[in-house]
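In what follows, a structure is listed as structure tokens, so that the remarks can point back to it.
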There are 2 protein chains.
Amino acid sequence: MSVAIENFIKAIYNNDSHDIKDTKPGNIAKQLGISSAAATDMAKKLATKDLLHYEKYQALQLTDKGTKMALNVVRKHRLWEAFLFKMFDMSLHDIHREAELLEHQTSDFLADKISEYLGHPKFDPHGDPIPNSNGEITTEDHSIALADANEGQTYVISRLMSDNKEFFEFCALNDIKYRNTLVVSKQFTTNKMTQITIGTNTIVLNQDFTKIIYVDEK
Amino acid sequence: MSVAIENFIKAIYNNDSHDIKDTKPGNIAKQLGISSAAATDMAKKLATKDLLHYEKYQALQLTDKGTKMALNVVRKHRLWEAFLFKMFDMSLHDIHREAELLEHQTSDFLADKISEYLGHPKFDPHGDPIPNSNGEITTEDHSIALADANEGQTYVISRLMSDNKEFFEFCALNDIKYRNTLVVSKQFTTNKMTQITIGTNTIVLNQDFTKIIYVDEK
DNA sequence: TAAAACTTTTAAGTTAGCTTAAAAATTAAT
DNA sequence: ATTAATTTTTAAGCTAACTTAAAAGTTTTA
């Protein structure tokens, strides 16, 4: 299975499992940086391989086989993220970028070695769940959006749901990092932004950023 | 630069720096598992990119630019080998196989991180020298072929110059492993094979294997 | 609900990296 | 030093993964 196919399947999986559920060829194409025409072609091809269901003008849906494949790639991606995060001093954004390439060139055998070394972690540094080698994935998620955090409460960052570079720069600047503890001293929300005081540091989360930082109560 | 190009350049580099100096398209093709025709085409293309010198029916020769590129890939390969060898319990053959894929998907940045973590090692687990980030490579090599080892002398394995699976199985069986110490108690050579007694264990190196195990005096 | 706006699909074409088969050149052998 | 064997090159053709442009279909909006 080629890199192009793995990325295509993964994009459908990610779109399907996130809020935005648009898995029509055009939307997948946009995310992969290819033309809609190419995405339509690919969709047709993968349908013949029984990796997804394709019906003209309809959203693409992974078959069980396709889902399994997506989970295998996602597993490798997240294991690499967890591993690089532990081993090296690198930004989450850089780690993501490396994992994006390594995920396609990693045998199941090596993935298992990495997982074993890390003690079979259930989450990566963004807080995203890591599928196990059978393709099973933890769905339990007690985290809430940081924007919805309560004054006076202590939280632990559990999830940074983005692959946007500026977002990670913003996080680095404000010490927002996977598993970091924070105390919310003040919280103020309008429909355009949320202002939060963490310790003595006040940050403003604009609409784009409110829904990608998740925390657990501590 | 594509994986195909990197592998092509690397194959020329490896052939050129080893005993066998045949870098004609046909020989490179054989090693890459592609047709000679494909190799000739590739050679012509890379000549236009100033990565090698191509003259009809002649051996291919890397330019400075081509050599630099080869060294960069070789560096990543050997760093991955050293890293995987240190981190995980895997056979040298498996490590080689993973490194063969990962080398093409590793940024210079990550390579430097790995090198730093390992304390900038000069050799990989096969004893092959690791080029530094400027493409400089240690050429000093005091090792001799195991077949030429002397009776009564103690040696350390410094180099296993092969990527052949059976060879590594043979090594594993006979405890021949990078940096392992061995005492040669008896040595007997014909022009077809070398028989060596290491401790109490007698092994026979056929012609194929005599020139790929190297040792340093201890 | 009909026109306008947008998206998806089809069609035709491109490039990288291969293939096989035959022609051309080199190398080896008698 | 020819002939035979081998290797390299040329030529033609294939497939995966794209592209652009136009046709077909869907969705939005007035």
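Order of the sequence lines sets the chain letters (A, B, ...), proteins ahead of strands, with each chain counted from 1.
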Hey, does A:A37 reach any base, or is it just sugar-phosphate, or nothing, if we go heavy atoms under 4.0 Å? base
Criterion salt bridge (charged side-chain N to carboxylate O under 4.0 Å, His left out) against A:E103, the qualifying member of A:K76, A:K10, A:R78: A:K10
Evaluate the side-chain proximity of B:Q195 to B:K186: yes if any heavy-atom separation is below 4.5 Å, no if none is. no
Think A:K56 has a side-chain N or O under 4.0 angstrom from the OP1 or OP2 of D:dT26? no
Nearest-angstrom distance from the residue atom CG of B:L60 to P of D:dT9: 8 Å
Below the 4.0 Å mark, does C:dG17 have OP1 or OP2 next to a side-chain nitrogen or oxygen of B:S2? yes
Ring centres of A:F83 and B:F88 under 6.0 Å apart? yes
Can you measure B:K45 atom NZ to D:dT10 atom C1' for me and round it to whole angstrom units? 18 Å
Please report, rounded to the nearest Å, how far the C1' atom of D:dT8 is from the NZ atom of B:K30. 12 Å
In whole Å, what is the span from the CD1 atom of A:I34 to the P atom of C:dT8? 12 Å
Considering every strand and a 4.0 Å limit on heavy-atom distances, what is the contact class for B:A38: base, sugar-phosphate, or nothing? base
Using a heavy-atom cut-off of under 4.0 Å over every strand shown, decide if B:F8 touches base, sugar-phosphate, or nothing. nothing
Whether A:T23 side chain and A:L60 backbone form a donor-acceptor pair below 3.5 Å: yes
If you only use heavy atoms from C-beta on, which nucleotide in C:dT19, D:dT19, D:dT27 is closest to the side chain of B:S35? C:dT19
Of A:D41 and B:S36, the one whose nearest nucleotide on DNA chain D sits closer to the 5' end is B:S36
What is the distance, to the nearest angstrom, from the CG atom on A:N27 to the C1' atom on C:dT8? 13 Å
Whole-Å distance separating the CD1 atom of B:I28 from the C1' atom of D:dT7: 14 Å
From NZ of A:K44 across to C1' of D:dC18 the rounded distance in Å is 15 Å
Return whichever of A:A4 or B:Q58 has its heavy-atom-nearest nucleotide of DNA chain D closer to the 5' end. B:Q58
Report the C-alpha separation of A:D112 and A:R75 in whole Å, then their side-chain angles, then the decisive distance to 0.1 Å, and conclude whether the salt bridge (Lys or Arg N to Asp or Glu O under 4.0 Å) test is met. CA-CA 10 Å; A:D112 289 345; A:R75 167 175 164 78; 2.7 Å; yes
With a cut-off of less than 4.0 Å, is there a side-chain N or O of A:Y54 near OP1 or OP2 of C:dT9? yes
